[in-house]
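Values reported hereafter were calculated over all heavy atoms of this structure, with side chains retained and with hydrogens, waters and symmetry mates removed.
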Amino acid sequence: MKKILSIFAMMALLFALAACTSDKTDNKSKEKDSNKDAKKEEVTISFASWGLGTEEEQNLDRLMIKAFQDKYPHIKIQIDESINPADWNGSLAAAASGGTMPDVFMLAQLPMAISNDWLLDVSELASKDKDFANVPEAVQESAKFDGKLYAIPFAQHFLGFLVNKDLFNAANLDAPEYGISVEDFIKSIKDVTNVKAGVAGINHPFTFPDWYPAAANENLGWFTYNNGEFALDSKEFISAVNTAKDIWTNGYAYETLPDDQKANFKGENPEEVWLNGGVGLKWDGTWTTGHLNEQAGFEWDFIGIPGGRTAVTNDFVGISKSTKHPEEAFLFSKWMSFGKEGFLKRVEIADKEGKTLNSLPVNSDQEVLDAYFEVLDIPGVRTAYENLDNAIVEPVKTAPGYIPARWEAPTGVKVGDNANATTAALIDSFMKGELKAEDYVKQLDQLADQQVKEATEALNK
């Protein structure tokens, strides 16, 4: 009996010693982890954005920055107020020459930033990131030059048409839906128009040269631009400007009506006329959808562009080549943009603080999409996400030479009193019916290709 008691006593002592050893090991482990966190280098990342509003407003992006700092207390985000939104590129150039470049900054035009050697190549950082793999391929490719990734998609929006379904229902017409054909779309504009009753089929036809060719031919891109070349002499582009001319000159669009006919409508400006129910189809972006539920007194949907291709436009951020903390800068950029955890936090903050979600998810992860649509469930936007594999990316911020090709390059053609009209003025003259597109598109196409070629060559120097 004494032996048994002695054995039990020894076992109890061994268990007690093991427990003490385990506690000490656990405590040492916790202490080690704590010391590890404490030893993390304190880092300051400067950030310049035109979308932060004021400190007093505390908009969603500012609240996201605070949430990031709570999660990563060793990283401080310093908002750089020195970059002037009215002269963004000029301010960045001054900061670069003065050695005060922000670590992370919004990009107005990617080619300019690349040509000025402002940007860090983040290809390696992105290739290791599982969330970045869920960014649509078309969006990833748009941010690359010469195979290198120089920009991070910061916010995503879809471009296209919003439809006032009530107007069509009141006229006993089927309201256009996502994927409608180009022909049926044009017919719906004309069918719903009743100017005398204060109803226009569309707000304006100004963007037809941009979206129409890609809607009519899947081998064409935005403003026909695809793989570094334009096709402005194509039948699709000619059809685009001639269809716009039909709408413009025959009174189907509110903004191109004469003032005496605009008097039939309720509202002092195009936005008021739309919100008051005077326009069947309005060209816009998904950034407006968060406000429509509050402002519009009618049933509406987003239908994108005819043909069912999703038209994407993105805001981008760059990481400065001079940053001393590239990994932390990338981590912050990810949190604010394509990161799954960051976007879920954005949805949570928006719900808690009563803020409007100001962008679509850049990340196509299903959990992210479900969280977004739980807040803003718009059927047409859901369908647009389902069609991202065949997306068209608006190239304004990313393609070298695109801006002069579309708007600024002098053509040598006389339009009205202007002896040397820009590309934009020449295209407008086609839509107004002042000049015939067929007579000038070959010249316009060559000029556009030249702008891209020269801009691309300049980047390669």
Take Leu60 and Glu353 through the side chain to side chain contact (heavy atoms under 4.5 Å, CB included) test and state the conclusion after the steps. CA-CA 9 Å; Leu60 191 51; Glu353 301 294 334; over 6 Å; no
Looking only at heavy atoms, which two atoms of [X] and [Y] are closest? And how far apart?
| X | Y | result |
| --- | --- | --- |
| Val199 | Val192 | CG1-O, 3.3 Å |
| Met106 | Trp88 | O-NE1, 2.8 Å |
| Val135 | Gln140 | O-NE2, 2.8 Å |
| Gly278 | Leu167 | C-CD1, 4.3 Å |
| Gly228 | Val452 | O-CG1, 3.5 Å |
| Ser429 | Val415 | CB-CG1, 3.9 Å |

Any donor-acceptor pair under 3.5 Å from [X] side chain to [Y] backbone:
| X | Y | value |
| --- | --- | --- |
| Thr207 | Asp210 | no |
| Asn276 | Lys266 | yes |
| Ser123 | Leu149 | yes |
| Thr288 | Gly285 | no |
| Thr323 | Ser320 | no |
| Glu229 | Asn226 | no |
| Asp131 | Gly339 | no |
| Asn264 | Ala197 | no |

Kindly indicate whether the side chain of [X], heavy atoms from C-beta on, has any atom under 4.5 Å from the side chain of [Y].
| X | Y | value |
| --- | --- | --- |
| Leu159 | Ile305 | no |
| Ile77 | Ile45 | yes |
| Glu236 | Thr224 | no |
| Val368 | Phe338 | no |
| Asn203 | Pro270 | no |
| Ile247 | Ile186 | yes |
| Glu42 | Lys76 | no |
| Trp248 | Lys432 | yes |

Run the side chain to side chain contact (heavy atoms under 4.5 Å, CB included) test on Asn314 and Lys397 for me, step by step, so that the C-alpha distance in whole Å, both residues' side-chain angles and the decisive distance to 0.1 Å come before the verdict. CA-CA 8 Å; Asn314 292 99; Lys397 295 174 183 173; over 6 Å; no
Can you name the salt bridge (Lys or Arg N to Asp or Glu O under 4.0 Å) partners of Lys130, sequence neighbours left out?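 Per chain and number, Lys130 pairs via salt bridge (Lys or Arg N to Asp or Glu O under 4.0 Å) with no residue.
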Just distance, no hydrogens or angles: give the donor-acceptor pairs under 3.5 Å from side chains in residues 384-396, sequence neighbours left out.
| from | atom 1 | to | atom 2 | distance (Å) |
| --- | --- | --- | --- | --- |
| Tyr385 | OH | Pro361 | O | 2.6 |
| Asn387 | ND2 | Thr383 | O | 2.8 |
| Glu394 | OE1 | Thr313 | OG1 | 2.7 |

Distance check, rounded to the nearest 0.5 Å: [X] atom [atom1] versus [Y] atom [atom2]?
| X | Y | atom1 | atom2 | value |
| --- | --- | --- | --- | --- |
| Trp300 | Ile378 | CH2 | CD1 | 4.0 Å |
| Glu408 | Thr423 | CD | OG1 | 8.0 Å |
| Trp222 | Arg309 | CH2 | CZ | 10.5 Å |
| Leu257 | His204 | CG | NE2 | 13.0 Å |
| Met101 | Asn116 | CE | CG | 8.0 Å |
| Ile65 | Ile75 | CD1 | CD1 | 13.0 Å |

Crowding at [atom1], [X] (>12 non-hydrogen neighbours, <6.0 Å):
| X | atom1 | result |
| --- | --- | --- |
| Gln366 | CD | yes |
| Glu272 | CD | yes |
| Glu268 | CD | no |
| Glu124 | CD | no |
| Met112 | CE | no |
| Lys355 | NZ | yes |

Given the options Phe68, Phe105, Phe332, Phe47 meets ring-ring contact (aromatic ring centres under 6.0 Å, His included) only with Phe332
Hey, are [X] and [Y] close enough for a salt bridge, meaning a charged N less than 4.0 Å from a carboxylate O?
| X | Y | answer |
| --- | --- | --- |
| Asp61 | Arg346 | yes |
| Lys282 | Glu271 | yes |
| Lys165 | Asp301 | no |
| Lys340 | Glu367 | yes |

Please enumerate all residues that pass ring pair (Phe, Tyr, Trp, His ring centres under 6.0 Å) together with Phe161, with sequence neighbours excluded.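 Partners of Phe161 by the ring pair (Phe, Tyr, Trp, His ring centres under 6.0 Å) criterion, ordered by chain and then number, come out as Phe185, Trp211, Trp283.
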Show your reasoning for whether salt bridge (charged side-chain N to carboxylate O under 4.0 Å, His left out) applies to Lys345 and Glu341. CA-CA 6 Å; Lys345 175 59 73 171; Glu341 185 179 8; over 6 Å; no
Pair Asn217, Ser234 - check side chain to side chain contact (heavy atoms under 4.5 Å, CB included), show working. CA-CA 10 Å; Asn217 183 345; Ser234 63; over 6 Å; no
Is it true that the NZ or CZ of Lys262 lies under 6.0 Å from the centre of Tyr254's six-membered ring and within 45 degrees of the ring axis? yes
Decide if the gap between the ring center of [X] and the ring center of [Y] is smaller than 6.0 angstrom.
| X | Y | answer |
| --- | --- | --- |
| Phe230 | Tyr225 | yes |
| Tyr150 | Trp118 | no |
| Phe237 | Phe223 | yes |

May I have the step-by-step check of side chain to side chain contact (heavy atoms under 4.5 Å, CB included) for Val163 and Leu281, ending in yes or no? CA-CA 5 Å; Val163 57; Leu281 290 150; 3.8 Å; yes
Quiz question: by atom type and distance under 3.5 Å, do the side chains of Asp103 and Ser46 form a donor-acceptor pair?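 The answer is yes; a qualifying pair exists.
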